[in-house]
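The structure under discussion appears below in the form of structure tokens.
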Amino acid sequence: MTKSVFFRFRILFGLTMLVLFSCKSDDNGSNVTDPDSGSTPVSAFDEFNPDAVTVSFDGDEITIESNGLPNHTSPYWEETNPLYIEPVIAVALTPGRIGGDRSYSLTVPTSPQIASTSTATGLGAIGISVTGVPIFNDLEGPNRPLEEVIVETFDYAGAHNGPSGYHYHIESYDVPENTELSYDDEKLIGIMSDGFLLYGRREMDGAYPNDLDESGGHLGATQHSGDEEFYHYHIVNEFYLGNVIALFAGDLQGTPNAIF
């Protein structure tokens, strides 16, 4: 083979391989691209408790600030507070009461994107709920899952008090006292630290979603987005310890932002 023929062969081979790789498709036959997660619907923030939460918009960022004080009853309020009630679920109460000088702030992008790798949640606040109360994961401490003795300290809201204040771990209970919180429905729960919204177990049509990823997320429309689809989480419809459901027990699919 002459040098000129060999050179033309190399060029032809290189162009062929370039075309093959540029047209590589995924299992569904579409080109491999990073999926667009959509934009967070602004109307969702109308659901947040205005007495506890302030939401502000600055360019392509949203900042959620909260004092952590819920708008529902609980035995964790001081007995002199109008929202105090006797326990209806909790068998025992953890030390401390709702209140004090607490604040939580989270800044997220208006159009959060799914990251190349997911991130495990840590201890402490991993999201802010519509009531203003921080959302915690399914751990009570380092490598300590929510044992029955811990679950017994939760009020009907699925919360108890800790060193960092009052916070949610699990879905609320279906009791007459619960007039605000999501239970086996489509209601908005809050926003996670990666900027994606968290909804209840059901879709807005009342059905359970059947295409959730390992974190309980999917691309779809909600009551806040009309026909526009965006990535969001749902409470995963799996019972924990027989009768409770964790609010969020998976990894964050976006890039987490600090809650401080």
Side-chain angles (χ1 to χ4, degrees), residues 37-38 40-41 44-45 47-49 64 70-72 74 89 106 108 112 114 118-140 145-146 150-151 154-160 166-175 177-225 229-254 256 259:
S37 302
T40 303
F45 295 100
E47 305 281 352
F48 283 70
N49 172 17
I64 302 97
N71 53 350
H72 59 73
S74 172
I89 293 293
L106 169 65
V108 298
I114 296 175
S118 61
T119 303
T121 58
L123 299 177
I126 62 172
I128 297 177
S129 72
V130 293
T131 69
V133 172
I135 298 169
F136 280 35
N137 65 14
D138 60 335
L139 296 176
E140 179 59 17
L146 296 178
I150 300 300
V151 172
F154 294 150
D155 59 13
Y156 74 77
H160 64 179
Y166 183 75
H167 56 270
Y168 301 132
H169 280 282
I170 64 171
E171 183 188 51
S172 66
Y173 289 85
D174 183 22
V175 294
E177 289 80 4
N178 184 6
T179 60
E180 297 287 341
L181 302 167
S182 171
Y183 173 80
D184 192 23
D185 58 27
E186 80 294 346
K187 287 182 180 179
L188 180 65
I189 307 297
I191 188 167
M192 305 307 292
S193 66
D194 59 1
F196 293 124
L197 297 177
L198 172 65
Y199 286 84
R201 285 189 264 162
R202 296 179 185 266
E203 300 272 32
M204 58 180 172
D205 64 0
Y208 293 117
N210 58 11
D211 60 345
L212 301 180
D213 59 28
E214 60 271 20
S215 297
H218 71 162
L219 193 68
T222 74
Q223 61 269 33
H224 300 111
S225 67
E229 294 189 340
F230 69 104
Y231 184 84
H232 58 276
Y233 299 114
H234 285 271
I235 298 176
V236 176
N237 191 34
E238 294 179 359
F239 284 89
Y240 186 93
L241 288 179
N243 64 344
V244 299
I245 293 181
L247 286 180
F248 195 87
D251 290 353
L252 294 168
Q253 292 298 317
I259 299 177

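Computed over heavy atoms, backbone and side chain alike; hydrogens, waters and symmetry mates excluded. In what follows, residues are counted from 1 in the order of the sequence shown. Here the structure is a predicted model, which is why all the values come from computation and not from measurement.
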Check against side chain to side chain contact (heavy atoms under 4.5 Å, CB included), Glu180 and Val130: CA-CA 10 Å; Glu180 297 287 341; Val130 293; over 6 Å; no
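- Taking all atoms of both residues into account, the shortest heavy-atom contact from Ser182 to Ser172 is O-OG, 2.6 Å.
- Using a 3.5 Å distance cut-off with no hydrogens or angles, the side chains of Asp194 and Tyr231 do not pair a donor with an acceptor.
- Between Leu139 and Leu146 the shortest heavy-atom distance is C-CD2, 4.1 Å.
- Here the shortest heavy-atom pairing between Gln253 and Ser215 reads NE2-OG, 2.8 Å.
- For Ser193 against Ile259, the heavy-atom pair with the smallest separation is CB-CD1, 4.1 Å.
- Between Thr222 atom OG1 and Glu229 atom CD the span is 10.5 Å, to the nearest 0.5 Å.
- Among all heavy-atom pairs drawn from Leu188 and Gln223, the shortest one is N-NE2, 4.3 Å.
- Put simply, the side chain of Glu47 does not reach to within 4.5 Å of the side chain of Lys187, judged on heavy atoms.
- Residues Thr119 and Asp251 form no side-chain contact, since every pair of their non-hydrogen atoms from C-beta on lies 4.5 Å or further apart.
- Ring geometry for Phe230 against His232 counts as tilted: the plane angle lies between 30° and 60°, on a 0 to 90° scale.
- Annotation: the span from Ile191 atom CD1 to Phe45 atom CZ amounts to 4.0 Å, rounded to 0.5 Å.
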Stepwise side chain to side chain contact (heavy atoms under 4.5 Å, CB included) test for His160 and His167: CA-CA 6 Å; His160 64 179; His167 56 270; 3.3 Å; yes
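- Residue Thr179 holds its OG1 atom at 8.5 Å from CG of Asn71, rounded to the nearest 0.5 Å.
- You'll find the side chain of Leu197 reaches within 4.5 Å of the side chain of Pro41, heavy atoms only.
- Of the possible donor and acceptor atoms, none in the side chain of His169 sits under 3.5 Å from a partner among the backbone N and O of Leu247.
- How far CD1 of Ile235 is from CD1 of Ile189: 4.0 Å, rounded to the nearest 0.5 Å.
- Residues Ala125 and Phe136 share a closest heavy-atom pair of N-CE1, 3.5 Å.
- At distances below 3.5 Å, at least one donor-acceptor pair connects side-chain atoms of Glu171 with backbone N or O atoms of Asp184.
- A distance-only check finds no donor-acceptor pair linking the side chain of Asn137 to the backbone of Phe248 [under 3.5 Å].
- No side-chain heavy atom of Leu212 sits less than 4.5 Å from a side-chain heavy atom of Asn237.
- Distance CD/Glu186 to CD/Glu203: 10.0 Å, rounded to 0.5 Å.
- Thr131 places a side-chain heavy atom less than 4.5 Å from the side chain of Tyr168.
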Could you walk me through whether Met192 and Ile126 pass side chain to side chain contact (heavy atoms under 4.5 Å, CB included), step by step? CA-CA 6 Å; Met192 305 307 292; Ile126 62 172; 3.6 Å; yes
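- Put simply, CG on Asn178 and OH on Tyr183 are 10.0 Å apart, with the number rounded to the nearest 0.5 Å.
- Inspection of the Tyr199 and His224 side chains reveals an N or O donor paired with an N or O acceptor under 3.5 Å.
- The shortest side-chain heavy-atom distance between Ile89 and Asp155 does not fall under the 4.5 Å cut-off.
- In terms of modelled atom types and a separation under 3.5 Å, the side chain of Tyr156 and the main chain of Glu177 share a donor-acceptor contact.
- Contact check for Phe196 versus Ile114: side-chain heavy atoms found under the 4.5 Å cut-off.
- Side-chain contact check for Leu252 versus Tyr233: some heavy-atom pair is nearer than 4.5 Å.
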